[in-house]
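Below is one structure; the comments refer to it alone.
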Amino acid sequence: TSRSLDAYVVNEKGENDVFRLGNFSDRGETDLPGMLKEAMDYTIHLEQLYPGQKDPKLPSPATLSWGQVLAHNLHQFRSLGRWRDVLSRQILPTLYKSVIELQRDKRQIWWGSKYLKSCLSLFERISWSLEGPQNSRADAIASSIQGMHPALGGWDPAVRTAKGDPSRDLARTSLQSALLSGGDCTLLGMR
């Protein structure tokens, strides 16, 4: 599989941040804020129905409250890279561990399954909401790069798709630009 390259940048607050040099599917006219609110509300609703609030044998409600946690902290995820790192390293491991522990009680399988599905839908919609600004920024960077190197051809965001023409991919455009710049070497890496 192909993975986007990362660029380390300083964000608007002067903090170091990760910017993925990649493009994502355009969601078009989709009502992302409405879809995100719907997923958030449903997840929080399920959390309010959690049977473990009165049963000390079940996992702590604090480990199964991702809707509420994210509702209060979503503003901290301004970059897709930061969101994906926190999701994969903190949120998902905790969620899976708690749901597996909960479902040891056969009576709770229904709630655990609904909650897991709801959380995964919420996480997907959060990702989608962060991909739009990522695409806008990627398109601006690619246009700027291609302005410096006309030999790369024009950048048309309308042609670009996540799995479309590889010549329209920001990572490829960045690498081609580095090679055209006459540098001695171009370093690539994955984390």
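Everything quoted here is computed from the prediction, not taken from an experiment.
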Test item: K57 and D105 side chains (from C-beta on) under 4.5 Å apart, heavy atoms | no
Measure the spacing between CG of L95 and CH2 of W66 and express it to the nearest 0.5 Å.
-> 8.0 Å
Rounded to the nearest 0.5 angstrom, the NE2-CG distance for H45 and L49 is 4.5 Å
Could you check if a side-chain atom of S118 sits within less than 4.5 angstrom of a side-chain atom of L116, using non-hydrogen atoms only?
-> no
Can you find a pair of side-chain heavy atoms, one from L70 and one from W83, that are under 4.5 Å apart?
-> yes
Parallel, tilted or perpendicular: which describes the rings of Y50 and W111, with under 30° parallel and over 60° perpendicular?
-> tilted
State the CG-CG distance between D41 and L46, to the nearest 0.5 angstrom.
-> 11.5 Å
Considering all heavy atoms, the nearest P59-S98 contact | CG-O, 3.5 Å
Decide yes or no for Y115 and L64: does some side-chain heavy atom of the first lie under 4.5 Å from some side-chain heavy atom of the second?
-> yes
May I ask you to test the L58-Q53 pair for a side-chain heavy-atom distance under 4.5 Å?
-> no
May I ask you to test the L80-W128 pair for a side-chain heavy-atom distance under 4.5 Å?
-> no
Is there a donor-acceptor pair closer than 3.5 Å between any side-chain N or O of Q103 and the backbone N or O of I109?
-> yes
L36 and L32, any side-chain heavy atoms less than 4.5 Å apart = no
Nearest heavy-atom approach of I126 to S129 is O-OG, 2.7 Å
Shortest non-hydrogen pair, P61 vs G52, comes out as CG-O, 4.2 Å
Please, which pairs that meet salt bridge (Lys or Arg N to Asp or Glu O under 4.0 Å) have at least one residue in residues 110-129, sequence neighbours excluded?
-> E38-R125
Indicate the atoms forming the closest heavy-atom contact of G67 with I44, along with that distance.
-> C-CG1, 3.6 Å
With sequence neighbours excluded, what pairs up with D55 under the salt bridge (Lys or Arg N to Asp or Glu O under 4.0 Å) test?
-> none
Side-chain donor or acceptor of S127 paired with backbone N/O of F123 under 3.5 Å = yes
At what distance, to the nearest 0.5 angstrom, does CE of M35 lie from CG of D31?
-> 8.0 Å
Please check if the side chain of T63 supplies one atom and the backbone of S60 the other of a donor-acceptor pair under 3.5 Å.
-> yes
Shared hydrophobic cluster for I100 and L87 (ILVMFWY, side-chain gaps under 4.5 Å) = no
So, E47 side chain and Q68 main chain: donor-acceptor pair closer than 3.5 Å or not?
-> yes
Work out which heavy atom in V99 is nearest to a heavy atom in G112; give both atom names and the distance.
-> CG1-O, 3.9 Å
